[in-house]
2 protein chains.
Amino acid sequence: MSPRRVTLADVAKIAGVSPTTASLVLSGRGRELRISQDVEQRVLKAAAELQYRPNIVSVGLRTGTTRTIGFVSDTIATSRLAGDMIKGALEAARERGFMLFIGETEGDPELERLLLQAMHDRQVDGLILAAMYTRTIRVPKGMGAAPAVLLNALPKQRSPLPSVLPDEVEAGRRAARVLLDAGHREGIHLIGAGPGRRDLPRGGGVAAVERLIGIREVFGEAGVKVAGAHVCADWQPEYGLAATRALLEGGRPRALICFNDRVALGAYQALDDFGLKVPGDVSVVSFDDHPIAAWMRPKLTTVALPHYELGRKAVDVLFAEMGRDGDDAVGEGAAREGEVHRVPMPVRLRESVAAAAP
Amino acid sequence: MSPRRVTLADVAKIAGVSPTTASLVLSGRGRELRISQDVEQRVLKAAAELQYRPNIVSVGLRTGTTRTIGFVSDTIATSRLAGDMIKGALEAARERGFMLFIGETEGDPELERLLLQAMHDRQVDGLILAAMYTRTIRVPKGMGAAPAVLLNALPKQRSPLPSVLPDEVEAGRRAARVLLDAGHREGIHLIGAGPGRRDLPRGGGVAAVERLIGIREVFGEAGVKVAGAHVCADWQPEYGLAATRALLEGGRPRALICFNDRVALGAYQALDDFGLKVPGDVSVVSFDDHPIAAWMRPKLTTVALPHYELGRKAVDVLFAEMGRDGDDAVGEGAAREGEVHRVPMPVRLRESVAAAAP
DNA sequence: TCGGTTTGCTAAATCGGATTAGCAATGCGG
DNA sequence: CCGCATTGCTAATCCGATTTAGCAAACCGA
């Protein structure tokens with residue numbers, strides 16, 4: 001049916017040399033092994049004519065390297081953000097000629113085990129273990145068969161795996177500074193978590209804790225006292241709406257820091273219900289830069305989760321890890337164990353923050 | 001470092017048999033080739049003890065089948081919907097022990113070529129060519145090396161590849177029926193496309209054409225005349241807002257069919273600007289079931305794009321295709337060439353449609 | 001002219017399985 | 001007791017590359 005793939009043997013035959021020679025030339029080791037210019041040219045020409053491409057499966061068997069990495073995450077379909085993370089990883093991998101296997105565990109450890117097995121069976125060169133919401137995860141056993149990186153996740157127990165995470169503490173600082181820069185010092189409320197360091201939503205991911213730390217730090221240093229805060233059980237619009245409504249029944253805030261954009265959407269709805277204008281009456285800052293943030297009216301100022309960059313960074317770190325796998329030089333290697341890489345979260349200044357009334 | 005993988009040879013040695021025998025037993029062909037019960041048990045036991053798993057790379061080299069399929073799409077990060085499509089494909093593949101390579105072309109034919117090459121180099125057993133917005137695509141040359149399926153896309157030229165698409169015409173009918181069922185017969189406006197069969201957004205995908213056909217068909221049969229329609233250059237909130245505002249400046253509609261949820265979001269905003277309530281003053285139906293549809297107030301009634309099912313279906317069709325690849329029995333095979341599979345789009349009845357005023 | 005290098009290339013082994021061909025031992029009918 | 005079929009297993013080859021070991025020819029100095 002379909003014409004058989006061109007193999008190295010075909011190239012060798014056309015060039016009139018042995019497969020060994022052809023391999024040597026094509027892998028660039030021709031020079032060092034003293035293959036003549038003439039033969040080199042013949043092989044190169046034959047390969048070009050036949051459009052030869054090495055069979056990676058074969059190479060994988062012989063050399064153990066498949067130019068493939070496995071991307072295992074708990075969920076992939078949560079939001080466009082998840083897609084961005086994969087996209088970043090995909091592009092970074094492609095730039096190095098690598099392909100990605102994608103797997104989804106749905107948080108099921110058994111599924112995860114199966115998936116990792118399936119990937120090892122296919123001899124992946126490295127693994128990315130990703131979480132779609134920043135959180136701590138239990139690192140499955142049997143890691144170590146291949147280099148691995150945690151993405152958007154921290155190991156629950158001590159682990160030698162490096163991790164890549166958004167810089168949430170700094171994000172918290174930035175959100176707070178956005179309000180300070182606009183002159184807000186009073187009537188600032190938090191929606192989603194706080195005011196105390198321990199006032200967090202149940203099941204709390206890393207984001208709540210760290211954003212809160214950053215916010216408290218900046219306000220603390222500026223001598224600004226947060227007027228109030230509402231924990232939300234879940235960071236969904238309806239909870240943001242309820243929390244904000246509760247707040248409005250008791251008074252008039254001047255500014256809100258919502259812990260994510262979905263909560264902010266709910267807050268917008270509550271403010272609208274009370275006839276309050278954003279940003280004229282109340283300024284709003286948020287986190288995530290979910291697609292809706294740019295669709296809301298007025299457009300929401302938010303500190304963006306850099307999903308794309310996270311994905312890229314994970315691949316970068318993974319390659320570094322793969323590079324030094326046989327590295328017996330302890331000196332540098334050991335020091336880097338379990339390193340945590342933080343990716344900055346940029347502020348998206350839009351329309352939801354106005355200068356404080358004098 | 002890491003303990004070497006267990007190979008078939010290891011199992012054979014422990015069981016005290018030849019690799020051949022071990023292979024026979026483990027591939028289930030032991031019976032037919034008269035391997036004794038005793039030996040069979042020894043091999044099985046050894047394999048279990050060592051936790052033997054066949055190296056798929058090796059199998060791939062020998063048999064040509066890698067239990068892997070390639071999923072190539074134009075974009076993966078457009079929305080959560082894209083993720084759902086991948087998720088559906090992923091799960092359907094996993095159920096059969098297959099893994100997915102993911103690739104993104106960004107609409108670049110050169111990138112697509114490279115990607116398909118990379119996948120062929122890894123000997124994928126089949127390919128899914130996906131589009132994130134339903135549209136016609138140019139089928140790249142060199143398909144035919146492996147079975148392939150078009151997902152959410154139709155071939156621009158005649159092609160033997162089967163395709164899997166949402167049933168948009170029926171979706172159009174359903175949206176129209178939702179309004180008819182609520183008693184609406186007058187003041188119905190379309191936002192996004194129409195009223196004529198040719199009044200479509202530029203770059204128009206398949207969705208606009210087919211939804212419009214379905215809508216016109218049902219209204220036509222019911223003897224209902226559409227009161228008006230606005231084409232939107234792009235189906236984004238701001239265009240929906242502008243179109244609806246233009247409409248409202250000229251009169252008072254009773255019901256809107258928006259061509260997708262983002263357009264509907266804009267329409268909501270415009271209605272709000274004019275002090276009109278949904279659904280009290282104006283009913284709204286839409287398409288896609290984008291996540292925001294459930295977040296809007298009131299929650300949006302919409303005809304859902306079944307992304308998850310589309311992904312699954314594509315894999316199902318692909319396996320059917322792979323099953324009959326060597327199939328020389330022309331009779332059935334030839335008849336199915338280029339078959340189009342339609343996946344139903346379910347209506348999500350929510351809060352944005354009310355009974356028409358008597 | 002002969003032994004030792006250098007040059008330039010190739011045969012053969014290897015990776016981990018699947019598959020084909022075939023071999024030794026046993027059973028059985030005549 | 002011989003010939004042939006059946007039973008039960010294994011040796012050898014193959015998939016498509018990489019890599020090690022090594023061979024023949026040319027060259028070089030004594």
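Chain A is the first sequence line, chain B the second, and so forth, proteins listed ahead of strands; every chain is numbered from 1.
Residue side chain B:Arg62 reaches the base of C:dA18 through a donor-acceptor N/O pair under 3.5 Å, judged by distance alone.
If you check C:dC9, D:dC15, D:dT10 against the side chain of B:Ser18, the one that comes closest is D:dT10. Of the candidate nucleotides D:dT20, C:dT10, D:dA17, C:dT10 has the atom lying nearest to any side-chain atom of A:Val17. Nearest nucleotide to the A:Arg29 side chain, out of C:dA18, D:dT19, C:dC9: D:dT19. You'll find that the side chain of B:Ser58 is closest to C:dG16, out of C:dG16, D:dG16, D:dC9. Listed nucleotides C:dT19, C:dC9, C:dT10 differ in distance to B:Leu24; the shortest reach to its side chain belongs to C:dT19.
Positionally, the nearest nucleotide of DNA chain D for A:Ala9 lies more toward the 5' end than for the other of A:Ala9 and A:Leu33. The nearest heavy atom of DNA chain D to B:Asp38 and to B:Thr63 marks one nucleotide each, and the one closer to the 5' end goes with B:Asp38.
Counting to the nearest Å, the P atom of C:dA25 and the CZ atom of B:Arg34 are 16 Å from each other. Rounded to an integer number of Å, the gap from CG of A:Asn55 to C1' of D:dG16 is 6 Å. B:Ile56 places its CD1 atom 16 Å from the C1' atom of D:dC15, with the value rounded to the nearest Å.
Annotation: A:Phe101 is not in aromatic contact with A:Phe71 [ring centroid separation under 6.0 Å not met].
Among the atoms of the strands shown, only primed sugar atoms or phosphate atoms (P, OP1, OP2) are found under 4.0 Å from some heavy atom of B:Leu8. Using a 4.0 Å heavy-atom distance criterion, A:Thr20 is classed as a base contact.
Within the 3.5 Å criterion, the main-chain N or O of A:Tyr308 finds no donor-acceptor partner in the side chain of A:Arg312.
Taken from CE in B:Met99 to CG in A:Asp121, the straight-line distance is 10.0 Å, to the nearest 0.5 Å. A distance of 6.0 Å separates OG in B:Ser73 from CD1 in B:Ile86, rounded to the nearest 0.5 Å.
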